[in-house]
Amino acid sequence: TIQPIAEIAQIAREAGVPLHTDAAQSVGKIPTNVEDLGVDFLSLAAHKLYAPAGVGALFLRSDDTVESFIHGAGHEKGRRAGTEPVPGVVALGVAAEIARQDMHIPEITALRDKLHALLIDGLGDDIRLNGHPEVRLPNTLNISFKNMIGPDLLTKLTQVAASPGAACHFDRHEPSPVLTAMNVPRPFALGAIRFSLGRPTTEGEIDRAAQHIIQTVRSASS
């Protein structure tokens with residue numbers, strides 16, 4: 001779900017509170033402009049937009065608002081000592097330029113919606129969409145499977161790479177705090193899986209993925 005960051009930033013600014021937004025999921029997938037958002041800080045991760053893993057960037061509206069993270073040398077304008085990974089930084093810049101030219105939003109959105117429609121056709125009321133039905137990333141489909149445990153279901157989905165949530169929370173077998181706050185019923189909240197599409201995703205892959213997911217869920221339910 002795409003949050004109303006600009007409106008939140010306005011409230012924070014009026015209260016004199018600096019605002020940081022983690023834009024790792026949005027940069028390269030939807031237009032992201034710090035001036036439009038009005039944030040004081042914005043962080044992003046290179047691997048989320050097809051650049052190498054291990055590189056990121058932090059936007060600072062003011063140079064005086066962040067203390068040194070690692071002391072000992074003057075790298076990163078004195079904020080983080082250590083030699084910069086120049087090839088990764090260059091790759092991030094190139095990836096950002098490619099994304100700026102075309103993020104393929106209509107094509108990826110259409111494939112995401114097709115996957116959702118196929119799963120509804122095959123599983124009906126046993127699945128539930130998590131998040132806003134329209135104001136969301138074009139490449140992500142978060143679906144809950146009724147009376148399923150997300151990580152357990154994933155072990156059976158041998159032909160699909162997906163996640164029950166953030167990678168840092170992969171080993172938790174409790175409902176996501178976010179889904180709980182959204183009042184998602186427990187029989188659905190435990191079975192949440194996030195499917196992510198990308199620029200290389202094809203219609204044929206969507207057809208095969210949907211068929212595999214439907215067959216696996218039906219088999220696990222029987």
Side-chain angles (χ1 to χ4, degrees), residues 1-5 21-30 45 47-50 53 104-222:
T1 298
I2 300 172
Q3 306 298 330
I5 299 298
T21 183
D22 177 357
Q25 291 286 5
S26 60
V27 173
K29 300 178 179 70
I30 59 174
H47 68 281
K48 295 292 187 178
L49 62 152
Y50 300 97
H104 303 279
I105 293 175
E107 298 90 341
I108 295 177
T109 300
L111 291 175
R112 178 205 67 192
D113 291 344
K114 178 176 182 179
L115 176 60
H116 188 195
L118 290 172
L119 293 179
I120 291 175
D121 288 343
L123 299 171
D125 293 337
D126 286 336
I127 67 169
R128 162 189 181 125
L129 175 68
N130 297 316
H132 198 283
E134 297 176 359
V135 187
R136 54 189 169 123
L137 293 177
N139 70 302
T140 305
L141 180 66
N142 192 306
I143 292 287
S144 280
F145 298 86
K146 188 176 182 180
N147 296 324
M148 295 282 177
I149 305 297
D152 293 345
L153 179 57
L154 275 180
T155 63
K156 299 178 175 65
L157 292 173
T158 56
Q159 300 176 33
V160 176
S163 170
C168 51
H169 298 154
F170 180 81
D171 58 348
R172 295 184 184 178
H173 284 208
E174 288 297 319
S176 158
V178 175
L179 296 182
T180 301
M182 292 165 57
N183 295 320
V184 176
R186 186 178 177 88
F188 281 100
L190 286 170
I193 292 182
R194 182 185 64 192
F195 300 98
S196 298
L197 289 69
R199 296 178 205 161
T201 304
T202 66
E203 192 166 358
E205 289 172 335
I206 292 296
D207 291 333
R208 292 193 297 273
Q211 183 179 23
H212 176 57
I213 294 166
I214 292 167
Q215 291 175 344
T216 303
V217 171
R218 286 176 177 172
S219 176
S221 302
S222 58

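What you are looking at is a predicted structure, and each value in this text was computed from that prediction instead of being measured.
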> Hey, mind stepping through L111 and E107 against side-chain contact (heavy atoms from CB on, under 4.5 Å) and telling me if it holds?
Replying inline: CA-CA 6 Å; L111 291 175; E107 298 90 341; 5.7 Å; no
> Run the side-chain contact (heavy atoms from CB on, under 4.5 Å) check on R112 and R136 step by step: do they pass?
Replying inline: CA-CA 11 Å; R112 178 205 67 192; R136 54 189 169 123; 3.6 Å; yes
>> What verdict does the side-chain contact (heavy atoms from CB on, under 4.5 Å) test give for L123 and R218, after you've listed the backbone C-alpha separation in whole Å, the side-chain angles of each residue and the deciding distance to 0.1 Å?
In response: CA-CA 8 Å; L123 299 171; R218 286 176 177 172; 4.1 Å; yes
>> I213 vs F195, test: side-chain contact (heavy atoms from CB on, under 4.5 Å). Steps then yes/no.
In response: CA-CA 11 Å; I213 294 166; F195 300 98; 3.6 Å; yes
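For G198 against Y50, the heavy-atom pair with the smallest separation is CA-OH, 3.2 Å. The two atoms that bring P175 and A189 nearest to each other are CB-CB, 3.8 Å, heavy atoms only. Shortest non-hydrogen contact noted between A53 and H47 is CA-CB, 3.8 Å. When all heavy atoms of H132 and T1 are compared, the pair lying nearest together is N-OG1, 3.0 Å. Contact record, A192 with N130: CB-ND2, 3.9 Å, taken as the closest heavy-atom pair. Annotation for I193 and L157: closest pair CD1-CD1, 4.2 Å, computed over non-hydrogen atoms.
When atom types are taken as modelled, the side chain of K48 and the backbone of K29 share no donor-acceptor pair closer than 3.5 angstrom. Looking at T109, its side chain does come within 3.5 Å of a backbone N or O of I105 through a donor-acceptor pair. In terms of modelled atom types and a separation under 3.5 Å, the side chain of Q211 and the main chain of R208 share no donor-acceptor contact. At distances below 3.5 Å, not a single donor-acceptor pair connects side-chain atoms of R128 with backbone N or O atoms of D125.
The number of heavy-atom neighbours closer than 6.0 Å to CG of D121, taken from other residues, nucleotides and ligands shown, is above 12.
Taking E203 as the reference, K114 meet the side-chain hydrogen bond (donor to acceptor under 3.5 Å, both in side chains) condition, with sequence neighbours excluded.
Considering only heavy atoms from C-beta on, P164 comes within 4.5 Å of L154 through its side chain.
Rounding to the nearest 0.5 Å gives a distance of 8.5 Å between CG of L141 and CG of D113.
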